[in-house]
Amino acid sequence: MEILHIENLSFRYPKAEKYAIENINLSINSGEFIVVCGESGCGKTTLLKLLKKELAPAGEKSGKVFYNGLSQDELDDKVSAAEIGYVLQNPDSQIVTDKVWHELAFGLENLGIPTETIRRRVGEMASYFGIHDWFRKNTDELSGGQKQLLNLAAIMVMQPKILILDEPTSQLDPIAASDFIATLQKLNRELGLTIILAEHRLEEVFPIADRVILMDKGKVLLCDTPKNIGQNFGKIQDDHPMLLALPSAVRIFNALQIKDECPLTVKEGRNFLDKHFSNFKCADVELDYNYNNEVAVELKNVWFRYEKDLPDILCGTTVKVYKGEFYCILGGNGTGKTTSLNVISGLNKAYRGKVIVDGKPIKEYKSNSLYYKKIAFLPQNPETVFLKDNLKEDFLEILEALDVPKNEREEKIIKVSEKIGITHLLNKHPYDLSGGEQQKCALAKILLLEPTILLLDEPTKGLDAYSKYTLKTILAELKKDGITIIIVTHDVEFAAENADRCALFFDGEILSADTPSRFFSENNFYTTAANRMARHLWSHAVTCEQVINCCKKSGGD
């Protein structure tokens, strides 16, 4: 039975020349699991917000949205609030109270539900989601994964009929993201809940969807089952950027062009490789790399805590990062990865141990000398980087602060904008951009500082696959220029494809680092889908490209 109907829906933001979405026609049935994907800025978030009238952005709208046959304009406010749930990308943006139990009850209290019913529903939902162990905690004490789970539970306690989620796993580590997606699948399967999920990380959500909607430049390019899209997408759009975003099994299948059924999951991909390549071998992947003996950043037995009475976040952390190296730090939410970048950048000061930058103790850098053509730090939330009403003004301000001559500023802005691919965004307000666009613009701004050491906290958050490829190219060019790159990331595929060395942050310290091939091939969970598929054949193949190369060299079917 149809629960949501979208008819000729178009929308344009105020003063925008182009439509954010144009002539969207969709029908969604009750109980369907729909995955919406596409490049950053393709209109995914705009479409999702227009389905929830309380979140609909201001602008020029035409067309209709019907919920259970009733026009959205005629929908009762209480019905809309309770029956159409929405989970935002940033967990912190949705939490409004100070206690977990209060957050769970907040929506029901606003709906005027009787106290006894609230208590019963909250208790049931806390038990279902495993929240009872931290039921009375302060919300600001929760990890990113716990916050997002709380947001989901606070929506589910209102017993919605439709659940809309906008990239809910973008800030979660791989294990927390898997758990969150498994919870969504359980809700869909056990409660018959209709789920509409916008997501860039398609590895796990693509196979469990009933239908996948691929958006491109504000329009629906494809709407079909995952199997049909995987089987035929390469034939229909052989050079489309979204091919890079498809699950590893699908990418490998399309690259090899073998006549067979397209695998979607790791299990199916493993069976596919066994069927066609199990009797063939190829030379294993190169495991080592040559690094510069000069140290760019060193932490020696560093200890740090945010307050005197709080537990230590860094507990004797020791690490060396060499000049010109691309170094990735992975680990769970709340383990201290971001804190380690804060300490390296001087934003937080260690109470014990040494932080050495470019051969000099960090405490010897006076005033802002540490940040003048030395260290630049892109934080996890790119919005914090912007200060002005449009990007160009923001960029001009930082160049003025650096005393760059007026006649050189325009040229520098154009150069970095073309490199990052944001020239068309220069006159926009930073807050009008999508998450991926904000991330690219924030990177452009800090590159104006001309750093020799670049610290990036979750740089791929909110980026589509093609934007990640662009970022990969940019970072490779920066590395060629001798810039040292240290990133904290949950994106294991990005780390596997780009890093010289990877390390796991656990229990207050950075565990021993190794090359991606060694690091990921020896892990079960912090590893890539490609490695899970192929490790029994080629143990150190950790990227799709490496697996594809091994297949081609093996000369299978």
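Using modelled atom types, one side-chain atom of Y365 and one backbone atom of V357 make a donor-acceptor pair closer than 3.5 Å. Within the 3.5 Å criterion, the main-chain N or O of L314 finds no donor-acceptor partner in the side chain of D312. Under the 3.5 Å distance criterion, the side-chain polar atoms of K337 are matched with a main-chain donor or acceptor of G331. A side-chain donor-acceptor contact under 3.5 Å links N90 to the backbone of D92. Using a distance-only test at 3.5 Å, with no hydrogens or angles considered, a donor-acceptor pair links the side chain of E325 to the main chain of Y322. Side chain of N390 to backbone of H429: no donor-acceptor contact under 3.5 angstrom is found. Of the possible donor and acceptor atoms, one in the side chain of E458 sits under 3.5 Å from a partner among the backbone N and O of H490. At least one donor-acceptor pair closer than 3.5 Å links the side chain of E103 to the backbone N or O of V96. In this structure, the side chain of K445 engages the main chain of V385 through a donor-acceptor pair within 3.5 Å. For the pair S80 (side chain) and D77 (backbone), a donor-acceptor distance under 3.5 Å is absent.
With 3.5 Å as the limit, one finds no donor-acceptor pair spanning the side chains of T423 and E418. In the model, S248 has a side-chain atom that pairs as donor or acceptor with a side-chain atom of E203 under 3.5 Å. Judged purely by distance below 3.5 Å, without hydrogens or angles, the side chains of T318 and E509 never pair a donor atom with an acceptor atom. For N8 and K64, the side-chain atoms include no donor-acceptor pair closer than 3.5 Å.
Across every non-hydrogen atom of I485 and L475, the tightest pair is CD1-O, 3.5 Å. When all heavy atoms of V205 and V35 are compared, the pair lying nearest together is O-CG2, 3.8 Å. Considering all non-hydrogen atoms of both residues, F11 and K61 come closest at CD1-CB, 3.8 Å. Residue G43 comes nearest to I21 through the heavy atom pair O-CG2, 3.5 Å, listed as atom of the first residue, atom of the second, then distance. When all heavy atoms are compared, the tightest approach of V542 to A496 is CG2-CB, 4.1 Å. Between F519 and L504, the shortest heavy-atom distance links the atoms CE1-N, 3.7 Å.
Cation-pi geometry between R12 and Y19 is met: under 6.0 angstrom from the ring centre, within 45 degrees of the axis. Cation-pi geometry between K472 and F494 is not met at under 6.0 angstrom from the ring centre and within 45 degrees of the axis.
Taking SG from C37 and CG from L214, the interatomic distance works out to 4.5 Å, rounded to the nearest 0.5 Å. Considering CZ of R409 and CD1 of I398, their distance stands at 12.0 Å, rounded to 0.5 Å. Considering CG of L402 and CD of E408, their distance stands at 12.0 Å, rounded to 0.5 Å. From S467, atom OG reaches atom CD of E437 across 8.5 Å, with rounding to the nearest 0.5 Å. Between Q89 atom CD and Q94 atom CD the span is 12.0 Å, to the nearest 0.5 Å. Atom OG1 of residue T46 and atom CG of residue L55 lie 12.0 Å apart, to the nearest 0.5 angstrom.
By the 4.5 Å heavy-atom criterion applied to side chains, Y86 and K49 are counted as neighbours. Between L244 and Y469 there is a side-chain heavy-atom pair separated by less than 4.5 Å. Residues V416 and K412 fail the side-chain proximity criterion, which asks for heavy atoms closer than 4.5 Å. Using a 4.5 Å heavy-atom cutoff, the side chains of I155 and L163 are in contact. Within the 4.5 Å cutoff, side-chain heavy atoms of Y306 are placed close to those of N348. T484 is not listed as a side-chain neighbour of F326, based on a closest heavy-atom distance of 4.5 Å or more. At a threshold of 4.5 Å between non-hydrogen side-chain atoms, the residues F520 and T515 do not count as touching. At a threshold of 4.5 Å between non-hydrogen side-chain atoms, the residues N427 and L391 do not count as touching.
At most 12 non-hydrogen atoms from other residues, nucleotides or ligands lie less than 6.0 angstrom from OH of Y466. Surrounding CD of E141 are more than 12 heavy atoms belonging to other residues, nucleotides or ligands, all under 6.0 Å away. Summarising the local packing, OH of Y372 is surrounded by 12 or fewer heavy atoms from other residues, nucleotides or ligands at distances under 6.0 Å. When the shell of 6.0 Å around NZ of K360 is examined, it contains more than 12 heavy atoms from other residues, nucleotides or ligands.
Between D500 and K479, at least one side-chain N (NZ, or NE/NH1/NH2) sits under 4.0 Å from a carboxylate O, which counts as a salt bridge. In summary, D166 and K44 do not engage in a salt bridge, as defined by a charged side-chain N under 4.0 Å from a carboxylate O. One finds a salt bridge joining K52 and E54 here, because a Lys/Arg side-chain nitrogen approaches an Asp/Glu carboxylate oxygen to under 4.0 Å. Under the 4.0 Å criterion applied to side-chain N and carboxylate O atoms, K53 and D73 are not assigned as salt-bridge partners. Between K320 and E294 no salt bridge is recorded (no basic side-chain N to carboxylate O distance below 4.0 Å).
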Item to check | Derivation of the side chain to side chain contact (heavy atoms under 4.5 Å, CB included) call for I420 and L447 | outcome: CA-CA 10 Å; I420 306 294; L447 288 180; 3.8 Å; yes

Next on the checklist: Using the rule given for side chain to side chain contact (heavy atoms under 4.5 Å, CB included), can you reason through R352 versus V302, listing the C-alpha separation, both sets of side-chain angles and the distance that settles it, and then say yes or no?
Outcome noted: CA-CA 6 Å; R352 189 189 306 166; V302 169; over 6 Å; no

Item to check | side chain to side chain contact (heavy atoms under 4.5 Å, CB included) between V319 and Y327, intermediate numbers included | outcome: CA-CA 11 Å; V319 65; Y327 191 95; 3.1 Å; yes

Checklist entry - What's the verdict on side chain to side chain donor-acceptor pair (under 3.5 Å) for T543 and E493, showing C-alpha distance, side-chain angles and the deciding distance? => result CA-CA 7 Å; T543 68; E493 275 76 20; over 6 Å; no

Checklist entry - Between E60 and K15, does a salt bridge (Lys or Arg N to Asp or Glu O under 4.0 Å) hold up when you go through it step by step? => result CA-CA 10 Å; E60 179 188 328; K15 298 181 181 179; over 6 Å; no

Item to check | Residues K354, L299; criterion side chain to side chain contact (heavy atoms under 4.5 Å, CB included); working and verdict | outcome: CA-CA 6 Å; K354 290 184 178 179; L299 303 184; over 6 Å; no

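With respect to K323, the side-chain contact (heavy atoms from CB on, under 4.5 Å) criterion is satisfied by exactly one of V295, V297, D358: D358.
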